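Report on one structure; see the data block that follows.
By convention in this document, chain letters (A, B, ...) are assigned in the order of the sequence lines, proteins followed by strands, and residues within each chain are numbered from 1. Just so it is clear, the structure is predicted and the values come from calculations on it, not from any experiment.
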Protein chains: 2
Amino acid sequence: MLPERTVERLSEYRRTLLQSLEEGKTHIFSHELAALHHNTAVQVRRDIMFIGYTSMQRKGYDVRDLIDVIGEILDSEKGLNVAVVGIGNLGRAVTTYFVGKRSKLNIIATFDVDHTKIERVISGVKCYSLSRLKEIVESYEISVAIMTVPATSASEVTSQIVDAGIKGIMNFTTVPLIVPDDCYLEEYDMITSLEKVAYFVKSGQS
Amino acid sequence: MLPERTVERLSEYRRTLLQSLEEGKTHIFSHELAALHHNTAVQVRRDIMFIGYTSMQRKGYDVRDLIDVIGEILDSEKGLNVAVVGIGNLGRAVTTYFVGKRSKLNIIATFDVDHTKIERVISGVKCYSLSRLKEIVESYEISVAIMTVPATSASEVTSQIVDAGIKGIMNFTTVPLIVPDDCYLEEYDMITSLEKVAYFVKSGQS
DNA sequence: AAATTATTGTTAAATAGATCACAATCATGC
DNA sequence: GCATGATTGTGATCTATTTAACAATAATTT
(Lines give C-alpha, C1' and ligand atoms only; values in the text may rest on other atoms or scores of the structure.)
Protein backbone atom coordinates (compact mmCIF):
# COMPACT_ATOMS: atom_id res chain seq x y z
CA MET A 1 0.00 0.00 0.00
CA LEU A 2 1.55 3.28 -1.12
CA PRO A 3 1.42 6.53 0.84
CA GLU A 4 -1.64 8.54 -0.01
CA ARG A 5 0.29 11.54 -1.26
CA THR A 6 2.44 9.37 -3.46
CA VAL A 7 -0.67 7.94 -5.10
CA GLU A 8 -1.90 11.44 -5.84
CA ARG A 9 1.38 12.48 -7.33
CA LEU A 10 1.67 9.37 -9.46
CA SER A 11 -1.67 10.20 -11.00
CA GLU A 12 -0.41 13.69 -11.74
CA TYR A 13 2.91 12.49 -13.10
CA ARG A 14 1.15 10.14 -15.46
CA ARG A 15 -0.80 12.91 -17.07
CA THR A 16 2.30 15.01 -17.49
CA LEU A 17 4.11 12.02 -18.94
CA LEU A 18 1.33 11.34 -21.44
CA GLN A 19 1.61 14.95 -22.49
CA SER A 20 5.39 14.64 -22.84
CA LEU A 21 5.00 11.49 -24.89
CA GLU A 22 2.71 13.29 -27.29
CA GLU A 23 5.35 15.95 -27.65
CA GLY A 24 7.77 13.26 -28.73
CA LYS A 25 9.81 13.09 -25.55
CA THR A 26 11.14 9.60 -24.89
CA HIS A 27 13.07 10.21 -21.68
CA ILE A 28 12.61 12.56 -18.76
CA PHE A 29 14.76 13.48 -15.77
CA SER A 30 13.45 13.62 -12.24
CA HIS A 31 14.12 17.34 -12.07
CA GLU A 32 12.17 17.92 -15.26
CA LEU A 33 9.16 16.09 -13.92
CA ALA A 34 9.53 17.96 -10.64
CA ALA A 35 9.61 21.33 -12.38
CA LEU A 36 6.33 20.51 -14.12
CA HIS A 37 4.71 19.99 -10.74
CA HIS A 38 5.20 21.83 -7.47
CA ASN A 39 7.77 19.44 -6.44
CA THR A 40 11.38 18.54 -5.94
CA ALA A 41 13.49 16.07 -7.86
CA VAL A 42 14.08 14.04 -4.70
CA GLN A 43 10.38 13.68 -4.14
CA VAL A 44 9.88 12.47 -7.68
CA ARG A 45 12.64 9.90 -7.31
CA ARG A 46 11.27 8.77 -3.98
CA ASP A 47 7.80 8.32 -5.46
CA ILE A 48 9.18 6.37 -8.36
CA MET A 49 11.28 4.28 -6.00
CA PHE A 50 8.07 3.28 -4.22
CA ILE A 51 6.67 1.70 -7.34
CA GLY A 52 9.88 -0.16 -7.96
CA TYR A 53 10.72 1.35 -11.32
CA THR A 54 14.34 1.99 -12.18
CA SER A 55 15.53 4.28 -14.88
CA MET A 56 18.16 4.10 -17.51
CA GLN A 57 20.81 5.58 -15.24
CA ARG A 58 22.01 8.94 -16.39
CA LYS A 59 19.47 9.03 -19.25
CA GLY A 60 16.43 9.73 -17.15
CA TYR A 61 13.23 7.71 -17.01
CA ASP A 62 11.79 6.08 -20.10
CA VAL A 63 8.54 7.96 -20.51
CA ARG A 64 6.55 5.15 -22.04
CA ASP A 65 7.74 2.55 -19.54
CA LEU A 66 7.04 4.80 -16.61
CA ILE A 67 3.51 5.46 -17.83
CA ASP A 68 2.98 1.71 -18.03
CA VAL A 69 4.35 1.03 -14.57
CA ILE A 70 2.21 3.77 -13.04
CA GLY A 71 -0.73 2.24 -14.89
CA GLU A 72 -0.05 -1.14 -13.32
CA ILE A 73 -0.13 0.47 -9.91
CA LEU A 74 -3.12 2.75 -10.30
CA ASP A 75 -5.38 1.00 -12.76
CA SER A 76 -7.38 -2.14 -12.31
CA GLU A 77 -7.03 -4.78 -14.98
CA LYS A 78 -10.40 -4.21 -16.61
CA GLY A 79 -10.93 -0.67 -15.42
CA LEU A 80 -13.19 0.35 -12.60
CA ASN A 81 -16.90 1.06 -12.91
CA VAL A 82 -18.23 4.26 -11.45
CA ALA A 83 -21.70 5.68 -10.78
CA VAL A 84 -22.67 9.31 -10.31
CA VAL A 85 -25.35 9.65 -7.67
CA GLY A 86 -27.42 12.82 -7.91
CA ILE A 87 -27.59 14.36 -11.34
CA GLY A 88 -28.26 18.05 -10.69
CA ASN A 89 -26.09 20.84 -12.06
CA LEU A 90 -22.93 19.62 -10.45
CA GLY A 91 -23.56 15.93 -11.11
CA ARG A 92 -24.13 16.63 -14.79
CA ALA A 93 -21.00 18.75 -15.10
CA VAL A 94 -18.90 16.15 -13.32
CA THR A 95 -20.31 13.34 -15.44
CA THR A 96 -19.61 15.21 -18.65
CA TYR A 97 -16.14 15.98 -17.41
CA PHE A 98 -15.24 12.37 -16.69
CA VAL A 99 -16.93 10.92 -19.74
CA GLY A 100 -14.81 13.24 -21.83
CA LYS A 101 -11.52 11.87 -20.49
CA ARG A 102 -10.09 8.61 -21.74
CA SER A 103 -9.40 6.60 -18.69
CA LYS A 104 -9.72 3.29 -16.93
CA LEU A 105 -12.57 4.79 -14.95
CA ASN A 106 -15.87 4.11 -16.65
CA ILE A 107 -18.92 6.10 -15.72
CA ILE A 108 -21.49 3.36 -16.14
CA ALA A 109 -24.64 4.84 -14.66
CA THR A 110 -26.14 7.85 -12.95
CA PHE A 111 -28.87 7.87 -10.32
CA ASP A 112 -31.49 10.35 -9.23
CA VAL A 113 -34.95 10.51 -7.71
CA ASP A 114 -36.36 13.02 -10.20
CA HIS A 115 -38.78 11.24 -12.55
CA THR A 116 -38.08 13.65 -15.37
CA LYS A 117 -34.50 12.40 -15.41
CA ILE A 118 -34.91 8.71 -14.77
CA GLU A 119 -34.53 6.45 -17.82
CA ARG A 120 -33.11 9.31 -19.84
CA VAL A 121 -29.54 9.57 -21.07
CA ILE A 122 -27.86 12.55 -19.42
CA SER A 123 -24.35 13.64 -20.32
CA GLY A 124 -24.04 10.46 -22.31
CA VAL A 125 -24.89 8.13 -19.43
CA LYS A 126 -28.20 6.55 -18.55
CA CYS A 127 -29.95 7.75 -15.43
CA TYR A 128 -31.67 5.21 -13.19
CA SER A 129 -34.03 5.54 -10.28
CA LEU A 130 -32.20 5.57 -6.98
CA SER A 131 -34.47 2.76 -5.90
CA ARG A 132 -32.74 0.49 -8.39
CA LEU A 133 -29.29 1.31 -6.99
CA LYS A 134 -28.43 -2.09 -5.59
CA GLU A 135 -29.69 -3.95 -8.62
CA ILE A 136 -27.71 -1.84 -11.09
CA VAL A 137 -24.57 -1.69 -8.95
CA GLU A 138 -24.52 -5.45 -8.73
CA SER A 139 -25.31 -6.21 -12.34
CA TYR A 140 -22.76 -3.75 -13.72
CA GLU A 141 -20.20 -4.42 -10.98
CA ILE A 142 -19.93 -0.78 -10.03
CA SER A 143 -17.50 -0.27 -7.17
CA VAL A 144 -17.10 3.51 -6.90
CA ALA A 145 -19.69 6.23 -6.42
CA ILE A 146 -19.43 9.95 -6.97
CA MET A 147 -21.80 11.71 -4.56
CA THR A 148 -23.39 14.84 -5.95
CA VAL A 149 -26.72 14.76 -4.14
CA PRO A 150 -28.07 17.70 -2.12
CA ALA A 151 -26.65 17.99 1.39
CA THR A 152 -30.02 17.21 2.88
CA SER A 153 -30.10 13.69 1.53
CA ALA A 154 -26.39 12.90 1.62
CA SER A 155 -26.36 10.77 4.76
CA GLU A 156 -29.38 8.74 3.84
CA VAL A 157 -28.20 8.07 0.30
CA THR A 158 -24.81 7.06 1.66
CA SER A 159 -26.32 4.21 3.65
CA GLN A 160 -27.98 2.97 0.49
CA ILE A 161 -24.73 3.26 -1.43
CA VAL A 162 -22.78 1.34 1.17
CA ASP A 163 -25.54 -1.21 1.36
CA ALA A 164 -25.44 -1.66 -2.39
CA GLY A 165 -21.83 -2.78 -2.10
CA ILE A 166 -19.92 0.31 -3.21
CA LYS A 167 -16.31 0.23 -2.01
CA GLY A 168 -15.19 3.79 -2.66
CA ILE A 169 -16.89 7.18 -2.53
CA MET A 170 -15.84 10.55 -3.80
CA ASN A 171 -17.98 12.96 -1.83
CA PHE A 172 -18.77 16.33 -3.40
CA THR A 173 -21.33 17.22 -0.78
CA THR A 174 -20.61 19.41 2.21
CA VAL A 175 -21.75 16.73 4.61
CA PRO A 176 -19.00 14.56 6.07
CA LEU A 177 -20.14 11.02 5.41
CA ILE A 178 -19.88 8.13 7.80
CA VAL A 179 -18.89 4.90 6.09
CA PRO A 180 -17.63 1.50 7.26
CA ASP A 181 -13.92 0.77 7.27
CA ASP A 182 -13.98 -1.29 4.12
CA CYS A 183 -15.27 1.63 2.07
CA TYR A 184 -12.70 4.23 1.06
CA LEU A 185 -13.94 7.79 1.36
CA GLU A 186 -12.50 10.84 -0.33
CA GLU A 187 -13.98 14.06 0.97
CA TYR A 188 -13.93 16.41 -1.96
CA ASP A 189 -15.42 19.51 -0.52
CA MET A 190 -15.21 22.65 -2.64
CA ILE A 191 -16.15 24.98 0.14
CA THR A 192 -13.43 23.71 2.41
CA SER A 193 -10.88 24.01 -0.37
CA LEU A 194 -11.93 27.52 -1.28
CA GLU A 195 -11.96 28.57 2.35
CA LYS A 196 -8.49 27.16 2.70
CA VAL A 197 -7.29 29.24 -0.24
CA ALA A 198 -8.97 32.26 1.33
CA TYR A 199 -7.25 31.65 4.65
CA PHE A 200 -3.79 31.39 3.16
CA VAL A 201 -4.37 34.42 0.97
CA LYS A 202 -5.50 36.35 4.02
CA SER A 203 -2.51 35.19 6.04
CA GLY A 204 -0.02 35.85 3.25
CA GLN A 205 0.55 32.07 2.95
CA SER A 206 3.88 30.27 2.94
CA MET B 1 -0.09 30.33 10.45
CA LEU B 2 -2.14 27.23 11.18
CA PRO B 3 -1.35 23.75 9.85
CA GLU B 4 -3.02 23.16 6.52
CA ARG B 5 -5.02 20.19 7.72
CA THR B 6 -6.25 22.12 10.71
CA VAL B 7 -7.54 24.86 8.43
CA GLU B 8 -9.45 22.29 6.42
CA ARG B 9 -10.97 20.75 9.48
CA LEU B 10 -11.95 24.09 10.96
CA SER B 11 -13.90 24.83 7.81
CA GLU B 12 -15.64 21.49 8.16
CA TYR B 13 -16.31 21.92 11.86
CA ARG B 14 -17.90 25.28 11.22
CA ARG B 15 -20.45 23.86 8.87
CA THR B 16 -21.32 21.10 11.29
CA LEU B 17 -21.60 23.67 14.06
CA LEU B 18 -23.93 25.87 12.02
CA GLN B 19 -26.05 22.82 11.45
CA SER B 20 -26.04 22.01 15.17
CA LEU B 21 -26.98 25.58 15.99
CA GLU B 22 -29.98 25.36 13.69
CA GLU B 23 -31.00 22.24 15.51
CA GLY B 24 -30.99 24.24 18.71
CA LYS B 25 -27.81 22.81 20.22
CA THR B 26 -25.97 25.39 22.33
CA HIS B 27 -23.01 23.30 23.49
CA ILE B 28 -21.05 20.48 21.92
CA PHE B 29 -18.39 18.10 23.24
CA SER B 30 -15.18 17.37 21.40
CA HIS B 31 -16.18 13.74 20.99
CA GLU B 32 -19.49 14.73 19.47
CA LEU B 33 -17.83 16.95 16.91
CA ALA B 34 -15.32 14.20 16.23
CA ALA B 35 -18.05 11.62 15.65
CA LEU B 36 -19.63 13.86 13.03
CA HIS B 37 -16.38 13.88 11.09
CA HIS B 38 -13.83 11.11 10.53
CA ASN B 39 -11.94 12.20 13.46
CA THR B 40 -10.94 11.73 17.08
CA ALA B 41 -11.85 13.87 20.07
CA VAL B 42 -8.18 14.64 20.69
CA GLN B 43 -7.77 15.94 17.19
CA VAL B 44 -10.74 18.21 17.59
CA ARG B 45 -9.41 19.56 20.86
CA ARG B 46 -5.98 20.07 19.36
CA ASP B 47 -7.45 21.97 16.41
CA ILE B 48 -9.47 24.15 18.72
CA MET B 49 -6.44 24.71 20.90
CA PHE B 50 -4.62 26.07 17.85
CA ILE B 51 -7.14 28.84 17.47
CA GLY B 52 -6.92 29.69 21.16
CA TYR B 53 -10.51 29.04 22.05
CA THR B 54 -11.32 27.59 25.44
CA SER B 55 -14.55 25.94 26.35
CA MET B 56 -16.80 26.01 29.34
CA GLN B 57 -14.95 23.18 31.04
CA ARG B 58 -17.09 20.13 31.46
CA LYS B 59 -19.95 21.72 29.46
CA GLY B 60 -18.38 21.37 26.06
CA TYR B 61 -17.79 24.16 23.57
CA ASP B 62 -20.27 26.97 23.15
CA VAL B 63 -21.48 26.41 19.61
CA ARG B 64 -22.14 30.01 18.74
CA ASP B 65 -18.87 31.28 20.20
CA LEU B 66 -16.88 28.61 18.46
CA ILE B 67 -18.47 29.48 15.13
CA ASP B 68 -17.47 33.09 15.68
CA VAL B 69 -13.91 32.28 16.63
CA ILE B 70 -13.48 30.04 13.60
CA GLY B 71 -14.92 32.87 11.53
CA GLU B 72 -12.32 35.27 12.86
CA ILE B 73 -9.62 32.85 11.80
CA LEU B 74 -10.93 31.83 8.40
CA ASP B 75 -12.83 34.84 7.15
CA SER B 76 -11.54 38.19 6.07
CA GLU B 77 -13.18 41.23 7.59
CA LYS B 78 -15.15 42.25 4.52
CA GLY B 79 -15.22 38.87 2.84
CA LEU B 80 -13.05 37.85 -0.05
CA ASN B 81 -13.83 38.48 -3.68
CA VAL B 82 -13.57 35.60 -6.10
CA ALA B 83 -13.64 35.22 -9.88
CA VAL B 84 -14.43 32.13 -11.90
CA VAL B 85 -12.24 31.91 -14.96
CA GLY B 86 -13.64 29.79 -17.77
CA ILE B 87 -17.37 29.44 -17.80
CA GLY B 88 -18.00 26.12 -19.57
CA ASN B 89 -20.06 23.30 -18.08
CA LEU B 90 -17.90 22.93 -15.03
CA GLY B 91 -17.39 26.65 -14.48
CA ARG B 92 -21.12 27.24 -14.59
CA ALA B 93 -21.87 24.42 -12.17
CA VAL B 94 -19.22 25.60 -9.76
CA THR B 95 -20.41 29.19 -9.94
CA THR B 96 -24.00 28.18 -9.27
CA TYR B 97 -22.80 26.03 -6.43
CA PHE B 98 -20.91 28.80 -4.67
CA VAL B 99 -23.44 31.52 -5.35
CA GLY B 100 -25.99 29.31 -3.66
CA LYS B 101 -24.07 29.15 -0.39
CA ARG B 102 -24.11 32.02 2.08
CA SER B 103 -20.51 32.73 2.80
CA LYS B 104 -17.82 35.33 3.10
CA LEU B 105 -16.65 34.31 -0.32
CA ASN B 106 -18.29 36.47 -2.95
CA ILE B 107 -18.24 35.37 -6.55
CA ILE B 108 -17.95 38.79 -8.15
CA ALA B 109 -17.24 38.03 -11.77
CA THR B 110 -16.69 35.31 -14.32
CA PHE B 111 -14.42 35.40 -17.36
CA ASP B 112 -14.38 33.69 -20.70
CA VAL B 113 -13.22 34.22 -24.27
CA ASP B 114 -16.48 33.12 -25.89
CA HIS B 115 -18.28 36.17 -27.30
CA THR B 116 -21.67 34.56 -26.84
CA LYS B 117 -21.06 34.57 -23.10
CA ILE B 118 -19.29 37.86 -22.55
CA GLU B 119 -21.42 40.64 -21.06
CA ARG B 120 -24.14 38.17 -20.17
CA VAL B 121 -25.15 37.15 -16.67
CA ILE B 122 -24.43 33.45 -16.19
CA SER B 123 -25.41 31.58 -13.06
CA GLY B 124 -26.23 34.93 -11.54
CA VAL B 125 -22.83 36.51 -12.15
CA LYS B 126 -21.71 38.75 -14.97
CA CYS B 127 -19.26 37.32 -17.48
CA TYR B 128 -16.46 39.53 -18.77
CA SER B 129 -13.99 39.14 -21.58
CA LEU B 130 -10.76 37.60 -20.40
CA SER B 131 -8.99 40.57 -21.94
CA ARG B 132 -10.49 42.78 -19.24
CA LEU B 133 -9.18 40.54 -16.45
CA LYS B 134 -6.69 42.94 -14.92
CA GLU B 135 -9.05 45.89 -15.08
CA ILE B 136 -11.92 44.05 -13.38
CA VAL B 137 -9.74 42.30 -10.83
CA GLU B 138 -8.32 45.62 -9.77
CA SER B 139 -11.53 47.60 -9.69
CA TYR B 140 -13.44 44.94 -7.75
CA GLU B 141 -10.45 43.95 -5.58
CA ILE B 142 -10.73 40.30 -6.51
CA SER B 143 -8.03 38.23 -4.83
CA VAL B 144 -8.95 34.62 -5.57
CA ALA B 145 -9.55 32.85 -8.87
CA ILE B 146 -11.27 29.56 -9.58
CA MET B 147 -9.73 28.04 -12.71
CA THR B 148 -12.15 26.12 -14.87
CA VAL B 149 -10.65 26.76 -18.29
CA PRO B 150 -9.80 23.95 -20.73
CA ALA B 151 -6.47 22.23 -20.05
CA THR B 152 -5.04 23.60 -23.26
CA SER B 153 -5.19 27.19 -22.13
CA ALA B 154 -4.59 26.68 -18.41
CA SER B 155 -0.95 27.70 -18.31
CA GLU B 156 -1.37 30.77 -20.45
CA VAL B 157 -4.41 32.01 -18.54
CA THR B 158 -2.57 31.44 -15.27
CA SER B 159 0.13 33.94 -16.24
CA GLN B 160 -2.57 36.49 -16.93
CA ILE B 161 -4.25 35.75 -13.63
CA VAL B 162 -1.05 36.12 -11.67
CA ASP B 163 -0.23 39.25 -13.60
CA ALA B 164 -3.62 40.69 -12.74
CA GLY B 165 -2.72 40.45 -9.06
CA ILE B 166 -4.64 37.37 -7.95
CA LYS B 167 -3.22 35.94 -4.71
CA GLY B 168 -4.91 32.55 -4.54
CA ILE B 169 -6.01 29.99 -7.12
CA MET B 170 -8.23 26.97 -6.87
CA ASN B 171 -7.28 24.92 -9.90
CA PHE B 172 -9.91 22.58 -11.34
CA THR B 173 -7.89 21.85 -14.46
CA THR B 174 -5.73 18.79 -14.88
CA VAL B 175 -2.67 20.90 -15.61
CA PRO B 176 -0.42 21.56 -12.63
CA LEU B 177 0.02 25.31 -12.60
CA ILE B 178 3.21 27.16 -11.93
CA VAL B 179 2.72 30.27 -9.81
CA PRO B 180 5.01 32.59 -7.86
CA ASP B 181 5.52 32.05 -4.14
CA ASP B 182 3.21 34.83 -3.08
CA CYS B 183 0.24 33.19 -4.80
CA TYR B 184 -1.38 30.30 -2.94
CA LEU B 185 -2.32 27.40 -5.16
CA GLU B 186 -4.81 24.65 -4.37
CA GLU B 187 -4.72 21.86 -6.90
CA TYR B 188 -8.24 20.55 -7.03
CA ASP B 189 -7.95 17.80 -9.55
CA MET B 190 -10.96 15.51 -9.90
CA ILE B 191 -9.13 12.92 -11.91
CA THR B 192 -6.39 12.56 -9.34
CA SER B 193 -8.93 12.25 -6.56
CA LEU B 194 -10.98 9.67 -8.40
CA GLU B 195 -7.88 7.70 -9.34
CA LYS B 196 -6.87 7.76 -5.72
CA VAL B 197 -10.22 6.33 -4.69
CA ALA B 198 -9.83 3.70 -7.38
CA TYR B 199 -6.37 2.76 -6.15
CA PHE B 200 -7.46 2.29 -2.56
CA VAL B 201 -10.53 0.36 -3.62
CA LYS B 202 -8.35 -1.88 -5.74
CA SER B 203 -5.87 -2.37 -2.91
CA GLY B 204 -8.56 -3.01 -0.33
CA GLN B 205 -7.59 0.26 1.38
CA SER B 206 -6.93 0.82 5.06
C1' DA C 1 41.19 5.24 -20.58
C1' DA C 2 41.10 8.57 -16.91
C1' DA C 3 38.74 12.50 -15.22
C1' DT C 4 34.60 15.02 -15.09
C1' DT C 5 29.89 15.63 -14.77
C1' DA C 6 25.00 14.75 -14.25
C1' DT C 7 21.88 11.86 -12.48
C1' DT C 8 19.92 8.19 -9.84
C1' DG C 9 18.66 5.27 -5.61
C1' DT C 10 18.69 5.16 -0.85
C1' DT C 11 20.09 5.87 4.02
C1' DA C 12 19.71 9.16 7.42
C1' DA C 13 17.85 13.46 9.34
C1' DA C 14 14.25 16.83 9.72
C1' DT C 15 9.61 18.35 9.71
C1' DA C 16 4.70 18.01 9.93
C1' DG C 17 0.91 15.82 11.72
C1' DA C 18 -1.70 12.57 14.75
C1' DT C 19 -2.20 10.11 19.02
C1' DC C 20 -1.34 8.92 23.86
C1' DA C 21 -1.47 9.81 28.53
C1' DC C 22 -2.66 12.38 32.23
C1' DA C 23 -3.13 16.40 35.36
C1' DA C 24 -6.53 20.00 35.93
C1' DT C 25 -11.19 21.33 36.07
C1' DC C 26 -15.75 21.47 37.43
C1' DA C 27 -20.76 19.79 37.25
C1' DT C 28 -23.35 16.36 39.72
C1' DG C 29 -24.74 13.00 43.10
C1' DC C 30 -24.16 11.65 47.70
C1' DG D 1 -18.86 19.95 51.38
C1' DC D 2 -16.73 15.69 49.53
C1' DA D 3 -16.24 12.19 46.34
C1' DT D 4 -17.17 10.86 41.64
C1' DG D 5 -16.99 11.10 36.89
C1' DA D 6 -16.74 13.40 32.50
C1' DT D 7 -14.28 16.41 29.87
C1' DT D 8 -10.72 19.56 28.54
C1' DG D 9 -5.84 21.32 27.50
C1' DT D 10 -1.36 19.99 26.64
C1' DG D 11 3.50 17.88 27.13
C1' DA D 12 5.45 13.76 25.37
C1' DT D 13 5.43 10.30 21.98
C1' DC D 14 4.72 8.27 17.77
C1' DT D 15 3.87 8.03 12.71
C1' DA D 16 3.88 9.82 8.12
C1' DT D 17 6.00 12.59 4.88
C1' DT D 18 9.56 15.46 3.10
C1' DT D 19 14.18 16.89 2.55
C1' DA D 20 19.22 16.45 2.91
C1' DA D 21 23.28 14.04 1.94
C1' DC D 22 25.92 11.17 -0.62
C1' DA D 23 27.80 6.85 -2.74
C1' DA D 24 27.06 4.51 -7.09
C1' DT D 25 26.58 4.79 -11.92
C1' DA D 26 27.27 5.79 -16.57
C1' DA D 27 27.49 9.25 -20.37
C1' DT D 28 30.74 12.78 -21.98
C1' DT D 29 35.01 15.24 -22.27
C1' DT D 30 39.86 15.38 -22.28
Side-chain angles (χ1 to χ4, degrees), chain A residues 1-13 17 20 25-63 65-66 69-70 176 181 184-185 187 192 196 199-200 203 205-206, chain B residues 1-13 17 20 25-63 65-66 69-70 176 181 184-185 187 192 196 199-200 203 205-206:
Chain A
M1 188 86 55
L2 301 175
E4 196 165 322
R5 305 302 311 279
T6 295
V7 174
E8 291 179 16
R9 283 189 299 261
L10 288 173
S11 163
E12 290 163 12
Y13 297 160
L17 290 167
S20 298
K25 223 167 153 55
T26 60
H27 293 79
I28 194 165
F29 295 126
S30 59
H31 60 86
E32 289 178 300
L33 204 41
L36 293 167
H37 297 78
H38 337 101
N39 211 175
T40 63
V42 191
Q43 182 73 78
V44 169
R45 297 205 298 275
R46 166 67 35 124
D47 288 334
I48 289 175
M49 198 190 93
F50 270 122
I51 62 175
Y53 180 72
T54 54
S55 69
M56 334 278 305
Q57 283 259 17
R58 188 60 245 267
K59 270 286 197 185
Y61 300 96
D62 183 294
V63 175
D65 284 358
L66 188 48
V69 175
I70 293 177
D181 278 354
Y184 184 84
L185 174 63
E187 293 288 359
T192 291
K196 187 167 78 166
Y199 170 79
F200 285 107
S203 324
Q205 77 286 309
S206 63
Chain B
M1 188 87 53
L2 301 174
E4 195 167 323
R5 304 303 310 281
T6 295
V7 174
E8 291 179 16
R9 283 189 299 261
L10 287 174
S11 163
E12 290 162 14
Y13 296 159
L17 291 167
S20 298
K25 225 168 151 54
T26 61
H27 292 80
I28 193 164
F29 295 126
S30 58
H31 60 85
E32 290 178 299
L33 204 40
L36 292 167
H37 297 79
H38 335 103
N39 211 174
T40 63
V42 192
Q43 182 73 78
V44 169
R45 296 205 298 275
R46 174 74 59 183
D47 288 334
I48 289 176
M49 198 189 94
F50 272 122
I51 62 175
Y53 180 71
T54 53
S55 69
M56 334 279 304
Q57 283 257 18
R58 188 58 247 262
K59 270 285 197 185
Y61 300 96
D62 184 292
V63 175
D65 284 358
L66 188 48
V69 175
I70 294 177
D181 278 354
Y184 184 85
L185 175 62
E187 294 287 358
T192 291
K196 187 167 79 168
Y199 170 79
F200 285 108
S203 323
Q205 78 289 310
S206 61

Are any of A:Arg46's side-chain N or O atoms less than 4.0 Å away from OP1 or OP2 of D:dT17? no
With a 4.0 Å limit, can you tell me whether B:Ser30 has a side-chain N or O closer than that to the phosphate oxygens OP1/OP2 of D:dT7? no
Give a yes or no answer on whether the side chain of A:Gln43 reaches the backbone of A:Thr40 with a donor-acceptor pair at less than 3.5 Å.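 No; judged by distance alone, with no hydrogens or angles, the pair does not exist.
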Where the side chain of A:Tyr199 meets the backbone of B:Leu2, is there a donor-acceptor pair that is under 3.5 Å apart? yes
Let me see the working for B:Phe200 and A:Val7 under side chain to side chain contact (heavy atoms under 4.5 Å, CB included), right down to the final yes or no. CA-CA 9 Å; B:Phe200 285 108; A:Val7 174; 4.2 Å; yes
Separation of [N] [atom2] from [X] [atom1] (nearest whole Å):
{"X": "A:Ile51", "N": "C:dT10", "atom1": "CD1", "atom2": "P", "result": "13 Å"}
{"X": "B:Arg5", "N": "C:dT19", "atom1": "CZ", "atom2": "P", "result": "10 Å"}
{"X": "B:Phe50", "N": "C:dT19", "atom1": "CZ", "atom2": "C1'", "result": "13 Å"}
{"X": "A:Ile48", "N": "C:dT10", "atom1": "CD1", "atom2": "P", "result": "12 Å"}
{"X": "A:Glu4", "N": "D:dT18", "atom1": "CD", "atom2": "P", "result": "11 Å"}
{"X": "B:Glu8", "N": "C:dA16", "atom1": "CD", "atom2": "C1'", "result": "14 Å"}
{"X": "A:His27", "N": "C:dT8", "atom1": "NE2", "atom2": "C1'", "result": "14 Å"}
{"X": "B:Tyr53", "N": "D:dT8", "atom1": "OH", "atom2": "C1'", "result": "12 Å"}

Side chain of B:Arg9, heavy atoms from C-beta onward: which of D:dA21, D:dG9, C:dA18 has the nearest atom to it? C:dA18
Considering only side-chain heavy atoms of B:Ser55, which listed nucleotide, C:dG17, D:dT8, C:dA18, is closest? D:dT8
Begin with the C-alpha distance, continue with both residues' side-chain angles, and end with the deciding distance and a verdict on side chain to side chain contact (heavy atoms under 4.5 Å, CB included) for A:Ile51 and A:Thr6. CA-CA 10 Å; A:Ile51 62 175; A:Thr6 295; 5.5 Å; no
Reckon A:Arg45 touches a base, only the sugar-phosphate, or nothing at all at heavy-atom distances under 4.0 Å? base
Would you call B:Leu33 and B:Leu17 a side-chain contact if the rule is heavy atoms closer than 4.5 Å?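 Yes. Closest side-chain heavy atoms under 4.5 Å.
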I want to check something: taking the side chain as every heavy atom from C-beta on, are B:Tyr61 and B:Arg45 in contact at a cut-off of under 4.5 Å?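 When only atoms from C-beta onward are counted, B:Arg45 and B:Tyr61 do touch, with a gap below 4.5 Å.
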Where do A:Ile28 and A:Tyr13 land on the side chain to side chain contact (heavy atoms under 4.5 Å, CB included) test, with the steps shown first? CA-CA 11 Å; A:Ile28 194 165; A:Tyr13 297 160; over 6 Å; no
Could you write nucleotides 24-30 of chain C as a row of B, S and -, 5' to 3', where a protein heavy atom under 4.0 Å of any base atom gives B, of only sugar-phosphate atoms gives S, and otherwise -? -SBB---
Will you find, in the side chains of B:His38 and A:Glu187, an N or O donor that is under 3.5 Å from an N or O acceptor? yes
Heavy-atom nearest nucleotide on DNA chain C taken for B:Asp47 and for A:Thr54; more 5' hit belongs to A:Thr54
Got a sec? Which of residues 33-44 of chain B come in under 4.0 Å of DNA chain D, heavy atoms?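 Heavy-atom contacts with DNA chain D come from B:Val42.
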Is A:Arg9 salt-bridged to A:Glu12, going by a charged N under 4.0 Å from an acidic O? no
